[in-house]
Amino acid sequence: MRPPLQTVSTGSVVAMVGFFSSFPIVLQGLASVGASPMQAASGLMAAALSMGLAGIVLSLWTRLPASVAWSTPGAALLAVTAPVEAGFAGAVAGFLVAGALTVLAGLWRPLARLAEAIPVPLAQAMLGGVLFTLCLAPVRGMVEAPAIIAPVVLAWFVLGRLNKLFAVPGAVLVAAVIIAVTADLSAADFGPLLTAPEWTAPRFSYEAVLGIGVPLFIVTMATQNIPGIAVIRSFGYQPKAGPLFASVGGFSLLSAPFGAPATCLAAITAAMCANEDSHPDPGQRFWSAVFAGLFYCGLGLFAGLITAFAALAPPMLVASVAGLALLGVFANSTAAALAHEDYREAAVITFLVTASGITVFGLGGAVWGLLAGGVVQVARGVWSAKV
């Protein structure tokens with residue numbers, strides 16, 4: 001079967017949007033949990049290859065536009081998570097736990113139902129709390145380094161008025177120009193052209209499991225995998241959720257030792273692959289996800305160069321681009337968290353505790369925020385029943 005040319009162009013756009021809209025967040029997340037520059041480059045490469053290969057395999061297997069992504073909300077969670085005692089080796093253990101739980105959720109329906117049973121407002125409030133600090137970066141950058149950050153914010157704002165899909169890639173392009181102008185590229189060590197994978201042996205601990213693995217699983221399931229299935233179904237396809245969950249979890253397990261946080265089903269790029277702009281014939285749209293996967297793999301091979309170039313950025317630049325990229329997700333998560341009056345109080349508690357950035361017994365704010373919100377909601381229900 002000859003792939004339609006239209007799906008090639010769609011796949012290239014999907015890959016450009018998916019990769020350049022969020023790779024600064026992935027790099028920031030990996031650095032926050034203790035990755036060295038080489039480990040971060042390996043993690044970015046492994047994440048891109050994992051989602052690329054998973055998208056190719058799943059789309060060809062199911063003949064569905066099964067677009068796959070790295071977990072941007074999961075990377076944002078890592079960006080506000082303090083390193084565990086074992087450093088990046090502990091983070092890798094957390095990545096493996098999250099991947100294993102995703103496989104189990106695909107194979108064992110009770111675990112998937114348990115993940116789905118977490119109230120949406122509380123899950124979204126947790127995500128909003130995670131994103132809050134990150135989304136403040138452009139605001140701080142405009143004050144601390146206006147000459148550097150203002151052009152990026154302006155590009156993001158102007159392009160967003162024309163086409164939201166290209167707002168963040170446009171901001172990334174402007175940031176790249178700023179780096180090229182301000183940095184001494186001749187003195188930079190970009191290393192080999194293609195990125196070499198770096199294996200990190202995991203070190204398991206309760207901090208790694210409960211502080212990184214479980215929250216990463218919850219936020220990825222709640223904000224990526226489950227919505228990803230819903231998006232595909234909204235275009236008339238009937239995917240089987242279990243095999244897809246198990247498959248992306250399996251790719252997560254394979255890529256985690258090389259530093260990749262989580263591979264998951266896509267939502268936004270899934271819509272790009274599944275709509276009529278991808279191809280008039282719904283039966284041909286899976287090719288868009290296939291070609292997106294191929295382009296993801298190509299970009300992943302040059303992750304080392306991208307990481308080394310980003311490392312030359314002036315202070316606040318990468319964090320500000322990441323914050324701009326997350327503004328839309330932050331707006332949607334906070335709106336969903338506060339939409340239901342019955343959950344509003346618990347959602348606010350979840351948001352505040354998560355955003356506080358506290359670490360108690362080695363567990364970060366996201367864990368305590370979800371627990372605090374859950375306790376408040378349960379207590380509220382018990383109190384109302386007694387009254």
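None of these values were measured; they are calculated from a predicted model.
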Novice: Determine the interplanar angle of the Phe95 and Phe88 rings, folded into 0 to 90°, and report it as parallel if under 30°, tilted if 30 to 60°, perpendicular if over 60°.
Specialist: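 Geometry flag for Phe88 against Phe95: perpendicular rings.
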Novice: Could you tell me whether a side-chain N or O of Trp70 sits under 3.5 Å from a main-chain N or O of Pro261, the two making a donor and an acceptor?
Specialist: no
Novice: Remaining members of Tyr237's ILVMFWY cluster at a side-chain heavy-atom cut-off under 4.5 Å?
Specialist: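 Cluster partners of Tyr237: Leu64, Val231, Ile232, Phe235.
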Novice: With distance as the sole test, does Arg203 use its side chain to make a donor-acceptor pair with the main-chain N or O of Gly90 at under 3.5 Å?
Specialist: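 Answer holds: no.
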Novice: Start with the C-alpha gap between Val158 and Leu154, add the side-chain angles, then the distance that decides, and say whether side-chain contact (heavy atoms from CB on, under 4.5 Å) holds.
Specialist: CA-CA 6 Å; Val158 172; Leu154 182 62; 4.0 Å; yes
Novice: Is there a donor-acceptor pair closer than 3.5 Å between any side-chain N or O of Ser252 and the backbone N or O of Gly99?
Specialist: no
Novice: Can you check whether Ala79's main-chain N or O pairs, donor with acceptor, with Ser32's side chain at less than 3.5 Å?
Specialist: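 Between the backbone of Ala79 and the side chain of Ser32 there is a qualifying donor-acceptor contact (under 3.5 Å).
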Novice: Does Phe20 have more than 12 heavy atoms from other residues, nucleotides or ligands lying within 6.0 Å of its CZ?
Specialist: yes
Novice: Considering residues at least two apart in sequence or located in another chain, which fulfil the side chain to side chain donor-acceptor pair (under 3.5 Å) criterion with Ser36?
Specialist: Gln39
Novice: Would you please say whether a donor-acceptor pair under 3.5 Å links the side chains of Thr10 and Ser278?
Specialist: no
Novice: Taking Ala266's backbone N and O only, do any of them form a donor-acceptor pair with Thr269's side chain (distance below 3.5 Å, no angle check)?
Specialist: no
Novice: In terms of ring plane angle, is the pair Trp199 and Phe258 parallel, tilted or perpendicular, where the classes change at 30° and 60°?
Specialist: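 If you compare the ring of Trp199 with that of Phe258, the planes turn out perpendicular.
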Novice: Aromatic contact between Phe295 and Phe19, with the criterion being ring centroids under 6.0 Å apart: yes or no?
Specialist: no
Novice: Would you please classify the geometry between the Tyr343 ring and the His340 ring as parallel, tilted or perpendicular, with 30° and 60° separating the classes?
Specialist: perpendicular
Novice: Check whether any side-chain N or O of Ser42 sits under 3.5 Å from a backbone N or O of Glu198 as a donor-acceptor pair, and report yes or no.
Specialist: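 Yes; at least one donor-acceptor contact below 3.5 Å.
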Novice: Side chain of Ser22, backbone of Ile25: donor and acceptor closer than 3.5 Å?
Specialist: no
Novice: Test your reading of the model: is there a side-chain donor-acceptor pair from Gln224 to the backbone of Leu265, 3.5 Å cut-off?
Specialist: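 At least one qualifying donor-acceptor pair exists.
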Novice: Does Val120 share a hydrophobic cluster with Leu131, counting links as ILVMFWY side-chain heavy atoms below 4.5 Å and allowing steps through other members?
Specialist: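 The answer is no; the residues belong to distinct hydrophobic clusters.
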Novice: Evaluate side-chain contact (heavy atoms from CB on, under 4.5 Å) for Met45 paired with Leu49, printing each intermediate quantity in order.
Specialist: CA-CA 6 Å; Met45 178 204 67; Leu49 289 177; 3.9 Å; yes
Novice: Out of the candidates Ser320, Pro314, Pro315, only one should pair with Ile149 under the side-chain contact (heavy atoms from CB on, under 4.5 Å) rule; please name it.
Specialist: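 Result for side-chain contact (heavy atoms from CB on, under 4.5 Å) with Ile149: Ser320.
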Novice: Please check: side-chain N/O of Arg161 versus main-chain N/O of Phe157, any donor-acceptor pairing under 3.5 Å?
Specialist: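 Answer holds: yes.
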